[in-house]
Amino acid sequence: MTATLAKEAPQPVEEPVLRKPSTRKRLVPYWLLLPGIIWLLVFFALPMIYQASTSVQTGSLEKGFEVTWHFQTYWDAFREYWPQFVRSLLYAGTATLLCLLLGYPLAYLIAFRAGRWRNLLLVLVIAPFFTSFLIRTLAWKTILADDSVVVDALGALHFLDVTSWLGWTEGDRVLATPMAVVTGLTYNFLPFMILPLYTSLERIDGRLHEAAQDLYASPATTFRKVTFPLSMPGVVSGTLLTFIPASGDYVNAELLGSTDTKMVGNVIQSQFLRVLDYPTAAALSFILMAIVLGMVTVYIRRAGTEDLV
């Protein structure tokens with residue numbers, strides 16, 4: 001009897017032994033990250049360190065430059081070229097806002113209304129990237145020429161009268177004005193706005209729109225309460241991808257603008273390649289980076305999107 005009970009008694013279940021991963025397996029993620037880390041060190045960190053040391057040097061091209069920790073260069077550079085900083089931020093901010101106003105409806109159309117034409121529209125959005133940035137910008141010199149159809153149409157609509165009053169154009173002339181520079185920035189960086197917006201909008205579950213309609217929400221209320229809040233990660237990403245490179249751009253201001261529309265990127269390019277004042281050019285680069293980094297940090301904190309915090 002005792003032997004029978006012993007056989008029927010439940011046997012204790014042995015817990016599986018968790019084996020620690022070997023050292024080689026633990027190092028696999030770090031080995032995978034190693035090429036990217038080396039790339040960042042060689043092509044980002046080391047150039048940044050070199051430029052930082054250049055910004056505190058003194059000397060001349062004939063006698064050579066040496067590190068003297070002359071931080072006064074930063075203040076002198078900012079005091080002399082602060083109008084170009086303000087102009088760069090103004091042009092970049094205006095172009096970013098225009099890209100958002102133009103890109104959001106197009107991204108919305110591609111995400112929710114394009115149907116079988118979606119892939120074709122996406123190809124058309126990225127098609128300009130198959131052409132050189134320089135060629136695309138030079139094409140706008142023809143589009144915005146004084147005798148072009150576009151300028152004649154804007155003049156007939158009295159649009160140039162408003163922009164001239166605002167100081168963005170000069171009479172019936174668009175080329176070599178702030179409007180031309182902002183137009184070039186908007187065109188060249190518009191795909192950087194559309195693609196993140198499309199990605200964010202495409203993730204929205206269509207049943208949420210149906211639920212809003214079932215609750216008798218109007219299309220405007222559905223967009224304000226459902227669509228736009230859910231697309232905020234795309235809005236934030238698109239504005240950052242547009243504003244950051246636009247603020248440091250110098251090609252559009254060089255080809256479409258004049259001496260009165262020079263941005264800080266043009267000053268940095270001139271200091272590096274023409275004046276050969278390397279400390280000032282490096283200082284201007286770091287000042288621009290610090291300003292943009294501060295603005296981006298505040299913007300991300302204000303936006304408060306969970307995908308970017």
Side-chain angles (χ1 to χ4, degrees), residues 48 51-52 54-58 60-61 70-100 133-134 137-138 140-141 144 160-189 192 239-299:
M48 287 282 289
Q51 288 300 322
T54 302
S55 66
V56 292
Q57 292 179 357
T58 55
S60 63
L61 193 63
H70 189 261
F71 291 99
Q72 183 67 25
T73 304
Y74 283 87
W75 172 247
D76 294 339
F78 181 77
R79 183 179 58 183
E80 184 174 357
Y81 298 109
W82 69 266
Q84 283 78 8
F85 280 104
V86 175
R87 190 178 298 133
S88 297
L89 299 177
L90 177 61
Y91 289 178
T94 305
T96 302
L97 180 61
L98 291 175
C99 285
L100 180 60
F133 186 92
L134 183 62
T137 306
L138 285 172
W140 277 96
K141 295 191 70 172
L144 299 178
L160 297 180
D161 296 337
V162 178
T163 55
S164 179
W165 178 73
L166 294 174
W168 285 80
T169 56
E170 297 177 359
D172 295 333
R173 180 175 174 80
V174 177
L175 199 62
T177 63
M179 181 178 171
V181 178
V182 172
T183 301
L185 291 173
T186 303
Y187 169 76
N188 282 310
F189 294 107
F192 291 96
T239 51
L240 293 180
L241 289 175
T242 304
F243 178 80
I244 293 175
S247 61
D249 181 78
Y250 67 92
V251 176
N252 289 276
E254 183 71 25
L255 299 179
L256 302 178
S258 63
T259 55
D260 296 329
T261 61
K262 297 299 182 183
M263 301 169 65
V264 69
N266 302 101
V267 178
I268 295 173
Q269 184 260 356
S270 178
Q271 292 290 328
F272 263 122
L273 302 180
R274 298 178 186 175
V275 183
L276 304 180
D277 186 356
Y278 303 134
T280 300
L284 288 170
S285 302
F286 274 95
I287 293 173
L288 177 63
M289 183 179 65
I291 293 174
V292 172
L293 183 61
M295 295 179 65
V296 167
T297 302
V298 173
Y299 175 64

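Keep in mind that this is a model prediction, so the values were computed, not measured.
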Between [X] and [Y], which heavy-atom pair has the shortest distance, and what is it?
| X | Y | value |
| --- | --- | --- |
| S247 | M263 | O-CE, 4.1 Å |
| A176 | S258 | O-OG, 3.5 Å |
| V251 | D249 | N-OD2, 3.4 Å |
| L175 | W140 | CD1-O, 4.5 Å |

May I have all residue pairs that pass salt bridge (charged side-chain N to carboxylate O under 4.0 Å, His left out) and include part of residues 81-91, sequence neighbours excluded? none

Show every salt bridge (charged side-chain N to carboxylate O under 4.0 Å, His left out) that has at least one partner inside residues 160-172, sequence neighbours left out. none

Rounded to the nearest 0.5 Å, how far apart are [atom1] of [X] and [atom2] of [Y]?
| X | Y | atom1 | atom2 | answer |
| --- | --- | --- | --- | --- |
| C99 | N188 | SG | CG | 9.5 Å |
| T261 | Q84 | OG1 | CD | 10.5 Å |
| E254 | T137 | CD | OG1 | 11.5 Å |

Which pairs pass side-chain hydrogen bond (donor to acceptor under 3.5 Å, both in side chains) with one or both residues in residues 173-187, sequence neighbours excluded? D146-R173

Of all pairs that satisfy side-chain hydrogen bond (donor to acceptor under 3.5 Å, both in side chains), the ones with a partner from residues 268-277, not counting sequence neighbours: Y81-Q271, D277-T280

Is N252 reaching over with its side chain to a backbone N or O of V181, donor-acceptor style, under 3.5 angstrom? no

Check whether T169 reaches the backbone of S164 with its side chain - one donor and one acceptor, N or O, closer than 3.5 Å. yes

Could you walk me through whether V56 and Y74 pass the side-chain contact (heavy atoms from CB on, under 4.5 Å) test, one step at a time? CA-CA 9 Å; V56 292; Y74 283 87; 4.3 Å; yes

Before giving the answer on side-chain contact (heavy atoms from CB on, under 4.5 Å), spell out for Y250 and V264 the whole-Å C-alpha distance, their side-chain angles and the decisive distance to 0.1 Å. CA-CA 8 Å; Y250 67 92; V264 69; over 6 Å; no

Taking only residues two or more places apart in sequence or in another chain, which ones pass ring pair (Phe, Tyr, Trp, His ring centres under 6.0 Å) with F78?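 By the ring pair (Phe, Tyr, Trp, His ring centres under 6.0 Å) rule, F78 matches F85.
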
Test ring pair (Phe, Tyr, Trp, His ring centres under 6.0 Å) applied to F192 - qualifying residues, sequence neighbours left out: F129, F189

Partners meeting side chain to side chain contact (heavy atoms under 4.5 Å, CB included) with L100 (sequence neighbours left out): Y104, M193, L197, V235

Excluding sequence neighbours, so at least two apart, what forms side chain to side chain contact (heavy atoms under 4.5 Å, CB included) with S60?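 Checked S60 against side chain to side chain contact (heavy atoms under 4.5 Å, CB included); matches are E62, K63.
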
Mind listing the side-chain donor-acceptor pairs of residues 281-297 below 3.5 Å, one per line with the distance, residues two or more places apart or on another chain?
| residue | atom | partner | partner atom | Å |
| --- | --- | --- | --- | --- |
| S285 | OG | A281 | O | 2.9 |
| T297 | OG1 | L293 | O | 2.8 |

Check whether any side-chain heavy atom of [X] lies under 4.5 Å from a side-chain heavy atom of [Y], and answer yes or no.
| X | Y | value |
| --- | --- | --- |
| L134 | L255 | yes |
| T239 | T242 | no |
| V174 | W168 | no |
| Y278 | L61 | yes |

Result block: side-chain N/O donor-acceptor pairs under 3.5 angstrom for residues 90-97, not counting sequence neighbours:
| residue | atom | partner | partner atom | Å |
| --- | --- | --- | --- | --- |
| T94 | OG1 | L90 | O | 2.8 |
| T96 | OG1 | A92 | O | 2.7 |

What residues, two or more places apart in sequence or in another chain, satisfy salt bridge (Lys or Arg N to Asp or Glu O under 4.0 Å) together with D76?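 For D76, the residues satisfying salt bridge (Lys or Arg N to Asp or Glu O under 4.0 Å) (neighbours in sequence not counted) are R79.
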
Go through the structure and list residues passing side chain to side chain donor-acceptor pair (under 3.5 Å) with T54, not counting sequence neighbours. none

